J.: 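Quick one: this structure, given as structure tokens, is what I'll be asking you about.
Here the structure is a predicted model, which means the values were calculated and not measured.
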Amino acid sequence: MNNIIKLISGVVISASCALAATYNVTSSPYNANGADGADDTSAFQSALTAAAANRGTLYIPAGTYYISSQLTNPSQKGLTIRGDGDSSVVVLTSGTNLLNLSMSSVSEHVAVRSIKFSTSSSSALAAVRIGYPATNSHRDPALMAKNLTIATTGSGSWDYGVHLSNAWNSLIRESSFTNTASTPYQGTAIFIDQTSINSLFISNVLSQWSVGIDVNCFQEGVIVDGGTIGPVNIGILKSDAGSYVPGSGAGFSYLSAQNVTFDCRQDSADCIWAEAPADGVWVSFLRGNTMKVAEDIPNQTPNPRYHFAGQAMLSIFIGNTLDGNGSAGGLVLNPQDTPQWPAIVSRNTFTDIANGASLWIKQNVYNTTVTANSFGGGWFYNQGTSTNPNANY
Amino acid sequence: MKNSLLFFTVALSLLVSASAATYDVTSYGANGSDSSDDTSAIQAAINAADSSGGTVYIPSGTYLVSAGGSGVALTSDGTCVIVGDVANGSIVKLTTSGDLLSFSVSSASPTLTISDLTFTTSHSSAGTALSVTYPSGSPATSGLNAERFHIRDNGGTWTTGIKLKYAKNSTIKDCLLSGHQTGVHTVAGGKAVSIENDSSGTSILTSWISFWNTGVDVTAALTSLTIDKTLMVWVGRGLFASQSVGALQFINSHVDARGTTVFSRCVDIEAGGSSNAVIRNNLFIIAGDTAGQTSDPNWPYTAYGYRYHLIVKGSNPVIDGNQFLGSASAGSAVVIAGSTNATIRDNIFHDIAYAVYMPLWIQSGVSGGLIEGNSFDGCGTNPILNQGSGFTVQYNKTI
């Protein structure tokens, strides 16, 4: 009996069941049109307003839609934004951000998946900006993005791909953020600021940006795993850090980057740059990364370019391959301000690094254990104190 | 009258939605914006989807369910897929004690899929949010596939977030499992994931686990278990295995284990039959809440007692490139007991001030292994207590 009903219904009724909390931008009363080349701002804003007010799904079918001013969520609630993959394209033609979502509470959550955001504006801000109130309580995941493509059209250019403020527990995976190729190395693919803690960036491709991931936070954890960051100027930039009170168990920064392919170009390129401010203290893990600099200018005497430049404290570098393309690079450990906490550099392969040291442990860097690295004829420049080198070759 | 109306509604919704094989719980009378109980309506949608292999759709809203005499609010044979709009938008709230959803599977093969929704509870003695049971007689080939699935409290307290029995190759990915927000990590009970019968091949990936007594509790022998890129913050214990675990991969993760009780630890593999554990590239913190405590009674190790970052038993463990931070308080960072051929390489031990005798403790009876390239900082002058035999100890640094 059940089967008969289903068989009949499958024939008679088309696949048009209305899902109560799914808001299709092309359906009435919104009626966006992804085939006519006309502006869809008001349809998108109406659908987004309704979807967010109900914490529902904003569904964007395949097509190309044009937005001329930033889309917001007046209810300050979260939602899912979902397309049909890269064939669902939303183009920002003018204005500031494409999506600017402000949340009333830390319990709101945004999911974005299977959609492409582009811009034809040369002065676009962020494709996705999400801001939360500044409180220090436990939070739900702020953003989960999967299969999100951020790209540009013509001379369009983003300042930011995704900009997260006070956003805890965000996860961006299997996404591709590419800024304009005509004037490359502008903007930041992923920018997190304020107090944004415990972010995960997994298997993404971030290319043609000035900075791949800018961590401008007081106190945070960031895990970056897999994927490619490059070509960019700076892969991961630690542009702010909090102060750590020894023994407090809190107030430090935590970065773990593994299995990432970095390709960092132009002057002052760095795969990871973590020097500012001076009181920045962090716990870091860099493991199994393929780090390249200066592929654009091989075999030249360059301005400083480093695979890693940052303070040496509670940092572990294991099993990375650092390729200087005959020009530059190196792993540079800078002194930290107060404690003399150790770092470990082990089992890395340094290759083709000229015009500078492969591993440079600077003065007033203490207690670095350096084990079983392959310097490939490169230079290990040890100015540190109580360095513990063994079995390098 | 009511029954016939319900039947009519069910039949109608089948007609409307069967072509897409989607069963919207609101078509069965569930209402996510009122205060009435939605248990029977959601169960009707699950039954319909189970009979056809369809999808149960829970639109955004808060749906109240209750566990009756069976102790379980909702049950499924696992044929259906359950999806919502967005976690924290599509919310199912258990208002009673008992369990919220039980997948009770009669065959070995279905994969149980759940995504984009939140289970929460307002009850102070709620049971298990999501319980998965495959048949005990015939080994399962499949398991749970949970993605963007949240477990929260709404002033209530869960005993268990996700319980796995006889499942295989389950994946818990991109999930938030949060127990009671206030202090539950200090009390007994409360497990984010409880593996109670052989559920080998379970993977917990890119998830946030917080406010539980135990993040992952293993009480059945497993041939494999993976925890990767997962943040367990504010738990009493991260992973605790009282039965043997083979091929453990505990990697790229962060555990902050705390609580005023003395048993907190990040990872504890207690069963000597374990083998081939890989503990790599993790940040382990103990006692952040009792930093600088000067009377921490962490010595000596006794089973299940006291604070430790890592306890490993079994053969061939590899502990590579981790950081163990002690907050000037905590007990042993690493204890190797009843093991053979242990590798402890390139780890940083930091600020383990009140374990001056044994930040790294190889117990007697452990034979063979490598202790190489580790840094011991703020851990006293003799940080390695090696009571084992046949170890190569080289290139370490004591600061």
J.: So which residue, A:Val345, A:Ile318, A:Ile316, A:Thr371, ends up with the most heavy-atom pairs under 4.5 Å with chain B?
T.: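 Heavy-atom pairs under 4.5 Å are most numerous for A:Ile316.
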J.: Taking C-beta and beyond as the side chain, do B:Arg148 and A:Arg113 meet within less than 4.5 Å on heavy atoms?
T.: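 Contact flag for B:Arg148/A:Arg113 side chains = yes.
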J.: So which of A:Ala343, A:Gly319, A:Ser346 has the biggest tally of heavy-atom pairs under 4.5 Å with chain B?
T.: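 Maximum pair count with chain B is reached by A:Ser346.
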J.: Going by heavy atoms in the side chains, are B:Asn281 and A:Ser256 under 4.5 Å from each other?
T.: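 Yes; the side chains approach each other to less than 4.5 Å.
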J.: Does B:Leu231 reach the side chain of A:Ile223, with side-chain heavy atoms less than 4.5 Å apart?
T.: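 Yes; the side chains approach each other to less than 4.5 Å.
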J.: Assess whether salt bridge (charged side-chain N to carboxylate O under 4.0 Å, His left out) is satisfied between B:Asp116 and A:Arg82, documenting all intermediate values.
T.: CA-CA 12 Å; B:Asp116 298 292; A:Arg82 178 171 62 83; over 6 Å; no
J.: Which region of A:Thr368, side chain (C-beta onward) or backbone (N, CA, C, O), has a non-hydrogen atom less than 4.5 Å from a non-hydrogen atom of chain B, or is it both or neither?
T.: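 For A:Thr368, no heavy atom lies under 4.5 Å from chain B.
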J.: Given a strict heavy-atom distance threshold of 4.5 Å, which part of A:Ser315 is in contact with chain B: side chain, backbone, both, or neither?
T.: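 Just its backbone gets close to chain B.
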J.: How many angstroms lie between atom CZ of A:Phe285 and atom CG of B:Asn322, to the nearest 0.5 angstrom?
T.: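 CG of B:Asn322 is found 6.5 Å from CZ of A:Phe285.
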J.: Taking the side chain as C-beta and beyond, is there a heavy-atom pair between B:His150 and A:Pro141 under 4.5 Å?
T.: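 The answer is yes, as the side chains (C-beta and beyond) meet within the 4.5 Å cut-off.
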J.: Let me confirm one number: the OG-CG distance from B:Ser207 to A:Leu171, rounded to the nearest 0.5 Å.
T.: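 Those atoms lie 8.5 Å apart.
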J.: Would the distance check show the side chain of A:Asn388 and the main-chain N or O of B:Tyr395 forming a donor-acceptor pair, the cut-off being under 3.5 Å?
T.: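 Between the backbone of B:Tyr395 and the side chain of A:Asn388 there is a qualifying donor-acceptor contact (under 3.5 Å).
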J.: With a 4.5 Å limit on heavy-atom distance, are the side chains of A:Arg173 and B:Lys173 in contact?
T.: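 A side-chain contact exists here, since the closest heavy-atom pair is under 4.5 Å.
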J.: Could you give the distance from CD1 (B:Ile348) to OG1 (A:Thr369), rounded to the nearest 0.5 Å?
T.: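 Here the interatomic distance stands at 8.0 Å.
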J.: Counting distance only, does the side-chain N/O of B:Gln323 pair as donor-acceptor with the main-chain N or O of A:Leu314 below 3.5 Å?
T.: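 At least one qualifying donor-acceptor pair exists.
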J.: Contact between B:Asp351 and A:Trp341 at the side-chain level, heavy atoms closer than 4.5 Å - yes or no?
T.: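 No, side chains not in contact.
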J.: Looking only at the side chains, is there a donor atom on one of B:Gln394 and A:Asn390 sitting less than 3.5 Å from an acceptor on the other?
T.: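 Distance-only check fails for B:Gln394 and A:Asn390.
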J.: Between B:Gly89, B:Gly378, B:Ser253, B:Ser375, which shows the greatest number of heavy-atom pairs under 4.5 Å with chain A?
T.: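 Among the listed options, the one with the most contacts to chain A is B:Ser375.
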J.: Tell me, do A:Asn198 and B:Trp208 make a side-chain contact under 4.5 Å, heavy atoms counted?
T.: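 Yes - at least one pair of side-chain heavy atoms lies under 4.5 Å apart.
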J.: Compare every heavy atom of B:Asp377 with every heavy atom of A:Pro342, then report the nearest pair and how far apart it is.
T.: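 Of all heavy-atom pairs spanning A:Pro342 and B:Asp377, the closest is CD-OD2, 3.3 Å.
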J.: Does the side chain of B:Asn88 pick up a donor-acceptor pair with the side chain of A:Ser107 at under 3.5 Å?
T.: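 No, no side-chain donor-acceptor pair sits under 3.5 Å.
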J.: Among the options A:Arg55, A:Glu108, A:Met144, A:Arg287, pick out the one with the most heavy-atom pairs lying under 4.5 Å from chain B.
T.: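 The candidate making the most pairs under 4.5 Å is A:Arg287.
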J.: Which atoms of A:Lys146 are under 4.5 Å from chain B, going by heavy atoms: the side chain, the backbone, both sets, or neither?
T.: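 Answer is side chain: those atoms of A:Lys146 sit under 4.5 Å from chain B.
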J.: Under the criterion salt bridge (charged side-chain N to carboxylate O under 4.0 Å, His left out), I'd like the reasoning laid out for A:Arg347 against B:Asp320: C-alpha separation, chi angles, the key distance, then a yes or no.
T.: CA-CA 12 Å; A:Arg347 290 174 270 157; B:Asp320 178 3; 2.8 Å; yes
J.: Is there a side-chain contact between B:Lys229 and A:Ile202 in this structure, where contact means two heavy atoms from C-beta onward sitting under 4.5 Å apart?
T.: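 Answer yes - side chains close enough.
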J.: Can you tell me how far apart CD1 (A:Ile344) and CG (B:Asn374) are? Round to the nearest 0.5 Å.
T.: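 Taking CD1 in A:Ile344 and CG in B:Asn374, the distance rounds to 6.0 Å.
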J.: Quiz question: by atom type and distance under 3.5 Å, do the side chains of A:Thr80 and B:Asp85 form a donor-acceptor pair?
T.: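 Side-chain D/A pair, A:Thr80 to B:Asp85: absent.
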